[in-house]
Participant: 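Attaching a single structure in structure tokens format; questions to follow.
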Protein chains: 2
Amino acid sequence: MRVRDQAKAMLQAMISDGSLASDERLDEVGLSHRMGISRTPLREALIALEGEGFVRSVPHKGFSVTTANEEMVRELFPIIGALEAQALRMSGEAVIASAPVLSALNNRLANAKNKAKSHEIDRAIHHGFVEHCGNPRLLKLLETQCALARRFDGAAARGIANPAGACAQHAKIIAAIEASDLARAGELLLLHWREGEITVINWLKKNT
Amino acid sequence: MRVRDQAKAMLQAMISDGSLASDERLDEVGLSHRMGISRTPLREALIALEGEGFVRSVPHKGFSVTTANEEMVRELFPIIGALEAQALRMSGEAVIASAPVLSALNNRLANAKNKAKSHEIDRAIHHGFVEHCGNPRLLKLLETQCALARRFDGAAARGIANPAGACAQHAKIIAAIEASDLARAGELLLLHWREGEITVINWLKKNT
DNA sequence: TATTTGCATATTGTATACAATATGCAATAC
DNA sequence: GTATTGCATATTGTATACAATATGCAAATA
């Protein structure tokens, strides 16, 4: 594996989990020394991450972490909703056949012990919605946007008063899938992300 | 402007207009010499373009232009459709107010003299559909995907038997916008891209 | 003759050196 | 005292040098 790929993965993880905070400046020489690599692969990793929205750069001033704030949620969540809904609509019989699996996952989500487990199962459900779409490019795009959204997992976990809400929405979506009405399921999925957007924003407003 | 930004723009243009063909290998030293720059900014530009889908890279084998084929159309057009439809739905009163402008553009499209002008006006119309969405991130994503789709402009231009078809679809979309029914307009826009997908694929099948 | 191994070469990946630009502070002019 | 200019420093941007890996050919062996 190339050094730049490792660096990219490491930086992305550090941004997702908050080790590198919003707006934090990324000094190239300092960072490369701390990571035990040279500036070249680090810069290449940062350029790749810039395209995905994790960092920004301004000429002759360098890289910094993008800002995870309400504005980002307002922009990001509708994108994810639209892409997931489209993937679901494109999925055909394969998703319909997997409805029981999704239903089972949703039950596990309802009884999840901790927040980490909840997020894991939630991701599995949403992955199940889209994995059969037969559009790798769409899935990759979605994956990138979801990775960005993961920066708000903390807010989402604390923000959900009753996780039952999300489960209920999932159940409706799965019911539409079982009924072979993927158009309806897509609409509900879009709504689900709209709800998530509101939830996260409310949490952000209270806790800043 | 940084050398790497110029290089990125130049390479992107060369791929869009076919100066760099599908699957063409991109020799770093040769290309950098021809462009009068060093390998460093060239590589940085290529890495940025890889994230946008214009080139791919395999470790220790280098960069090459991605393949503009039927598979790409099947993947790309539904993505664009979903994103444009979402942007349109998010646009609110601003698009509705701009309906007359869109209508006028569509009339100009109907009477466009040459293919280049047609594409220019078509892009203006689609830009008009989304520009008021208030979601810069969505617009940027859309712009990138549309830049990729531009690689098929040649196919699209030759493939459209009667440009009246596209105009008619536009007219329906604009009518829905005028009626303040953005949900319906979004659906129609999705269909419009589905039609475009079919048209381009048919052309590709005949001409390869 | 077919296959495999080893080397020569070419190309990418990484490190470092150099150039250009931005930033902050101090000195000077008003 | 304030503002401005100039320089010293730090940091990014680019070029180049070096290292690692892949590729192709030739020679040797079965």
Side-chain angles (χ1 to χ4, degrees), chain A residues 1-15 18-68 140 144 147-148, chain B residues 1-15 18-68 140 144 147-148:
Chain A
M1 199 186 194
R2 290 173 291 199
V3 175
R4 90 153 185 260
D5 297 319
Q6 300 179 52
K8 178 171 176 252
M10 186 178 306
L11 290 168
Q12 182 168 335
M14 291 172 77
I15 293 171
S19 312
L20 292 173
S22 289
D23 301 315
E24 183 165 340
R25 198 161 168 301
L26 299 170
D27 176 66
E28 294 179 11
V29 308
L31 200 53
S32 62
H33 282 197
R34 275 197 289 151
M35 298 176 79
I37 62 180
S38 81
R39 278 179 64 213
T40 304
L42 172 62
R43 278 175 61 86
E44 294 186 347
L46 287 169
I47 287 166
L49 286 172
E50 184 181 18
E52 299 184 3
F54 287 91
V55 303
R56 67 178 94 86
S57 86
V58 5
H60 290 108
K61 299 188 74 174
F63 292 90
S64 56
V65 179
T66 50
T67 315
K140 184 164 174 291
T144 301
L148 279 174
Chain B
M1 201 187 193
R2 291 175 289 201
V3 175
R4 89 154 184 261
D5 297 319
Q6 301 180 50
K8 177 169 177 255
M10 186 177 307
L11 290 168
Q12 183 168 334
M14 290 174 78
I15 293 171
S19 313
L20 293 172
S22 289
D23 301 316
E24 184 165 340
R25 198 158 171 303
L26 300 170
D27 176 66
E28 294 179 10
V29 308
L31 200 52
S32 63
H33 282 195
R34 275 198 287 150
M35 297 176 78
I37 63 179
S38 81
R39 278 179 62 213
T40 304
L42 173 62
R43 278 174 61 87
E44 293 185 348
L46 287 170
I47 287 166
L49 287 173
E50 184 181 17
E52 298 183 2
F54 286 92
V55 303
R56 68 179 92 86
S57 87
V58 5
H60 291 108
K61 298 188 72 174
F63 292 91
S64 56
V65 179
T66 50
T67 315
K140 185 162 174 292
T144 301
L148 279 174

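Letters A, B, ... mirror the listed sequences (proteins, then strands); counts begin at 1. Computed over heavy atoms, backbone and side chain alike; hydrogens, waters and symmetry mates excluded. Model, not experiment: these values are computed from the prediction.
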Participant: To the nearest angstrom, how far is R39(B) atom CZ from dT14(C) atom C1'?
Facilitator: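 So the two atoms are 10 Å apart, to the nearest Å.
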
Participant: Can you tell me how far P of dA22(D) sits from CD of E28(B), to the nearest Å?
Facilitator: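 From E28(B) CD to dA22(D) P: 15 Å.
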
Participant: Looking at dA22(D), dT11(C), dT14(C), which one has an atom nearest to any side-chain atom of E44(A)?
Facilitator: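 Given the options dA22(D), dT11(C), dT14(C), the side chain of E44(A) is closest to dT14(C).
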
Participant: So, does K61(A) get its side chain near the phosphate of dT23(C), meaning an N or O under 4.0 Å from OP1 or OP2?
Facilitator: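 For dT23(C), OP1/OP2 do have a side-chain N/O of K61(A) under 4.0 Å.
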
Participant: Could you point out which residue of L26(B), V3(B), I47(B), L31(B) forms a side-chain contact (heavy atoms from CB on, under 4.5 Å) with L42(B)?
Facilitator: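 When L26(B), V3(B), I47(B), L31(B) are each tested with L42(B), the side-chain contact (heavy atoms from CB on, under 4.5 Å) holds only for L31(B).
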
Participant: Measure CG/L42(B) against P/dT16(D) and give the value in whole Å, please.
Facilitator: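 To the nearest whole Å, that distance equals 14 Å.
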
Participant: In Å, rounded to the nearest 0.5 Å, how long is the span from CD of E50(B) to OG of S64(B)?
Facilitator: 9.5 Å

Participant: Should D5(B) and R2(B) count as an ion pair when the cut-off is N to O under 4.0 Å?
Facilitator: yes

Participant: Starting from C1' on dA10(C), measure out to CG on D27(B) and report it in whole angstrom.
Facilitator: 9 Å

Participant: Which nucleotide, dT14(C), dA15(D), dA22(C), lies nearest any side-chain atom of I37(B)?
Facilitator: dA15(D)

Participant: dT12(D) P sits how many Å from L31(A) CG, rounded?
Facilitator: 10 Å

Participant: Less than 4.0 angstrom between a side-chain N/O of R43(B) and OP1 or OP2 of dG13(C), yes or no?
Facilitator: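 Yes, within the criterion.
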
Participant: Just to be sure I understand the rule, does R4(B) reach a base, reach only the sugar-phosphate, or reach nothing, if contact means heavy atoms closer than 4.0 Å?
Facilitator: sugar-phosphate

Participant: Whole angstroms only, please: what is the NE2-P distance between H60(B) and dT21(D)?
Facilitator: 6 Å

Participant: Please classify the nucleic acid contact of L26(A) as base, sugar-phosphate, or nothing, using heavy-atom distances under 4.0 Å.
Facilitator: sugar-phosphate

Participant: Kindly say if R25(B) contacts the phosphate of dT23(D), meaning a side-chain N or O under 4.0 Å from OP1 or OP2.
Facilitator: no

Participant: On DNA chain C, does the nearest nucleotide to P59(A) precede the nearest nucleotide to F63(B) from the 5' side, or the other way round? Give the residue.
Facilitator: F63(B)

Participant: Within the modelled atom types, does a donor on one side and an acceptor on the other bring the side chain of T40(A) and the base of dT16(C) under 3.5 Å apart?
Facilitator: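 Per atom types, the contact qualifies.
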
Participant: Does OP1 or OP2 of dA15(C) have a side-chain N or O of S38(A) closer than 4.0 Å?
Facilitator: yes

Participant: Tell me the interatomic distance from L46(A), atom CG, to dT11(D), atom P, rounded to whole angstroms.
Facilitator: 16 Å

Participant: Between atom CD1 in I47(A) and atom P in dT12(D), what is the gap in whole Å?
Facilitator: 13 Å

Participant: Taking 4.0 angstrom as the limit, do D27(B) and R39(B) come out as a salt bridge?
Facilitator: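 So D27(B) does not pair with R39(B) through a salt bridge.
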
Participant: Quick one: OG on S57(B) to CZ on R4(A), what's the gap to the nearest 0.5 Å?
Facilitator: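 Atom-to-atom, S57(B):OG and R4(A):CZ are 5.0 Å apart.
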
